[in-house]
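Comments concern the structure below.
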Number of protein chains: 2
Amino acid sequence: MAEIKATRGSDRITIKDVATDAGVSVAAVSKVLRDAYGVSDGLRSKVRASMDKLNYRPLASARGMRGQTYTLGLILPDIRNPFFSDILAGINTALERTPYRLMLGISQSTTHIEEGLVDSMIDSQMDGLILIGTAEDQGRLEATAAIKPMVAIGHFAPQSGGYDTVNNDDQLSAQLVVRHLVGNGYRHIAMLSLASHTSTIIEERELGYRREMIEQDLGSFINVLRAGQTPREIQAATRKLLQGPVIPEALFCWTDFIALEVISVATEMGLRIPEDLAIVGHDNTRHCDFAQNSLTSVDQSGELLGLKSARLLIERIKGRTKSEHFVVEPRIVVRQSSGG
Amino acid sequence: MAEIKATRGSDRITIKDVATDAGVSVAAVSKVLRDAYGVSDGLRSKVRASMDKLNYRPLASARGMRGQTYTLGLILPDIRNPFFSDILAGINTALERTPYRLMLGISQSTTHIEEGLVDSMIDSQMDGLILIGTAEDQGRLEATAAIKPMVAIGHFAPQSGGYDTVNNDDQLSAQLVVRHLVGNGYRHIAMLSLASHTSTIIEERELGYRREMIEQDLGSFINVLRAGQTPREIQAATRKLLQGPVIPEALFCWTDFIALEVISVATEMGLRIPEDLAIVGHDNTRHCDFAQNSLTSVDQSGELLGLKSARLLIERIKGRTKSEHFVVEPRIVVRQSSGG
DNA sequence: GCGAAAATGTAGAACGGTACACGTAGAACG
DNA sequence: CGTTCTACGTGTACCGTTCTACATTTTCGC
């Protein structure tokens, strides 16, 4: 009758309680927890039994003070873009049979919010970071990567030494779109890009578009316009384009969401899609497939991007220091909005 | 020349470094950090200056061991539903001028993932939790709430004592929809609800639908069908309904996303919206407004829900124990899909 | 059987904060 | 002028883990 002190002041079960219950030292329990060297089968199972019995869970903040927290951080620019949920699904798949957990931050495509999130993820001792479409400058990224294992998705930084990158071949994406449209007889092809493009993937897509237009001898038709992400901005830019002196025959939008808004505006202006205007999006999100949209788009397999980046991150946490740069090949999915 | 030991083994600036630099005790710095009682203006500014100079940031995991981490956790069922981003925006607004930071978890509408997330948020010593559309049972919720300040959004639990709730009046939502449709001449109104409804808001909407149908003397037309969230399930359910013996004149879908998929299927089957079939969604997300969708929907002001829940949570963290239950009033936004 | 090496377990000092219990000095009071 | 307050700072015991030493036991080669 000397075991009543298990739950001291507070009520949380600690490693100490487990040690007492199993009749071993605190250090031994810690070893079992970390799968560390020097634990016999007997001890392991004894400790495991006590942990189950007491329903013990290690306190991440306490672990963080000396070792790992087994928590990874993911930063998304925007929760609205459904493409990111594919990436997320891939990450979750990769993490399934590991002890790692994922925590998210949403930067709302704003650099200072993103920086704040990165800081607080570091402050809560997360073991590694995945950044999607980061807007931070190279210097800060390198600095963060020097402290924490890091992987960037959708960020082209050829010379980046401190972290891994996982990308779609965004130049190729744009090239595929132009080729497809040219194949369907369109010549005057414009591109609707993102204003204040802090993102390198936008640059890549613009570059791909320009290159392929020149390649196809359509250099004189190159027309890149830019708009923000709010409905108002997109509508204004679209109207201006479609009223302007030269109306394009086809429009490549940097992401599906924008393309759907453009379809809406064009329809309201009395244009028929694709007879008067062909539209192509990017990311092949769920909405593309709806009959009322039937939007041609470029698929970049977000799931694979997510899966790969999680794997790379864990490798890095486990000690790899040489950088890896993974690229997936996009494919175009043709629907009615571009002439079928 | 005796200050070179600031960066010891590691390189992170600690409270000790700040104390040394400012020429005060560690305890004093901690007090400034926490805005605690007993700090003179002189000391405060001296310490603040050192913190800025050294670019000090407190380590959340260390703080968590004795005090607060100033980190709040939010759990979303599904990143795909754009409605949640409105809630998120509201929460972020409420948190803007506070020391609190937000971290997200995505449960993928799966109970055991949600439970895992809640656990790991508790393990990382977050100060409070906001759960959206939780699927956990009442017992577990009470247990969590007993440990951590908690607010549930989109969860009806009249007798819940341990936590606050923030809700749309979902019964009223459904009633507004039925009334609107009846006003436009529709009688045979069906409802497409969520299968395996772990969520109480679904129950409320179904209840509101049934009540109002009876109220309008249309009890014999009541028809609730259910489907999961995957495209396949939605398509199958829709096809079955629209081929079935009795085809409804109008369909109320529990969330916009489903409604858009239904429009797609109905269109492909040759039906005209709204002449052959009226459709109404819920949440008034961005897609409703696109010309190609023009979907009538119910607006529940996600931003307000988020704002309010963050405020309630902080109040609770600061000591309030009496539960509050906040309800917003929905309003219907009429577009062409229901007859204009 | 003996000594060395390998295997297994333990003690206890960190880690970076918080907060309680004090100490001290000046102000207010009678 | 002594006493009691009040305001402000400090010293230090924690919080729950990890991990480096080190102690002890077992295994093994000869």
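Worth knowing before you read on, the calculation uses all heavy atoms, side chains too, and leaves out hydrogens, waters and symmetry mates. A, B, ... follow the sequence lines: proteins, then strands. Residue 1 opens every chain.
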For A:Asp123, run the side chain to side chain donor-acceptor pair (under 3.5 Å) check against B:Arg12, B:Arg63, B:Arg101 and tell me which one passes. B:Arg12
For A:Ile15 and C:dC15, what is the distance between atoms CD1 and P respectively, to the nearest whole Å? 19 Å
Using only side-chain N and O atoms of A:Tyr70, determine if any of them is under 4.0 Å from OP1 or OP2 of D:dT18. no
In this structure, which one of B:Leu72, B:Asp127, B:Val166 forms a side-chain contact (heavy atoms from CB on, under 4.5 Å) with B:Leu313? B:Leu72
Any base atoms under 4.0 Å from A:Arg57, or only sugar-phosphate, or nothing? Heavy atoms, all strands. sugar-phosphate
What integer distance in Å separates A:Asp17:CG from D:dG16:P? 9 Å
Is there a donor-acceptor contact under 3.5 Å linking the side chains of B:Ser40 and B:Arg44? no
Both B:Pro58 and B:Lys31 contact DNA chain C. Which one's nearest nucleotide lies toward the 5' end? B:Pro58
Is B:Asp164 paired with B:Arg320 through a side-chain N to carboxylate O contact shorter than 4.0 Å? yes
Output the rounded distance in Å from CZ (B:Arg63) to C1' (C:dA19). 13 Å
Residues A:Asp41 and A:Lys46 bridged, charged N to O under 4.0 Å: no
Report yes if a side-chain nitrogen or oxygen of A:Tyr37 is closer than 4.0 Å to either non-bridging phosphate oxygen (OP1 or OP2) of C:dT8; otherwise report no. no
A:Lys16 NZ to D:dC15 C1', in whole Å, measures 10 Å
B:Asp127 CG to C:dT18 P: how many Å, rounded? 12 Å
Looking only at side-chain N and O atoms, does B:Arg66 come under 4.0 Å of OP1 or OP2 in D:dC14? no
Should A:Met121 and A:Leu129 be marked as a side chain to side chain contact (heavy atoms under 4.5 Å, CB included) after you check the CA-CA gap, both sets of side-chain angles, and the distance that decides it? CA-CA 8 Å; A:Met121 283 177 171; A:Leu129 262 39; 4.0 Å; yes
In whole Å, what is the span from the CG atom of A:Leu59 to the C1' atom of C:dG16? 14 Å
Considering only side-chain heavy atoms of B:Leu33, which listed nucleotide, D:dC19, D:dG11, C:dT18, is closest? C:dT18
For a quick test of reading the model: is some side-chain N or O of A:Arg34 closer than 4.0 Å to OP1 or OP2 of D:dC19? yes
Below 3.5 Å, can you tabulate the donor-acceptor pairs from side chains in residues 84-97 of chain A to any protein atom, sequence neighbours excluded?
unit_1  : atom_1 : unit_2  : atom_2 : d
A:Ser85 : OG     : A:Pro82 : O      : 2.7
A:Asp86 : OD1    : B:Arg80 : NH2    : 3.2
A:Thr93 : OG1    : A:Ala89 : O      : 2.9

Any B:Ser40 side-chain N or O less than 4.0 Å from OP1/OP2 of D:dA7: no
Using whole Å, report how far CE of A:Met65 lies from P of C:dA13. 17 Å
Below 4.0 angstrom from OP1 or OP2 of C:dT10, is there any side-chain N or O of A:Ser25? yes
Can you pull out how bent the helix from C:dG1-D:dC30 to C:dG30-D:dC1 is, comparing the axes over its first five and last five pairs, to 10°? 30°
Under a 3.5 Å threshold, yes or no: a donor from one side chain and an acceptor from the other, between B:Ser323 and B:Arg316? yes
Nearest whole Å is fine: how far is D:dG16 C1' from A:Tyr56 OH? 7 Å
So, does B:Ser30 get its side chain near the phosphate of C:dG17, meaning an N or O under 4.0 Å from OP1 or OP2? no
When we call it a touch if two heavy atoms are under 4.0 Å apart, what does A:Val39 touch: a base, just sugar-phosphate, or nothing? sugar-phosphate
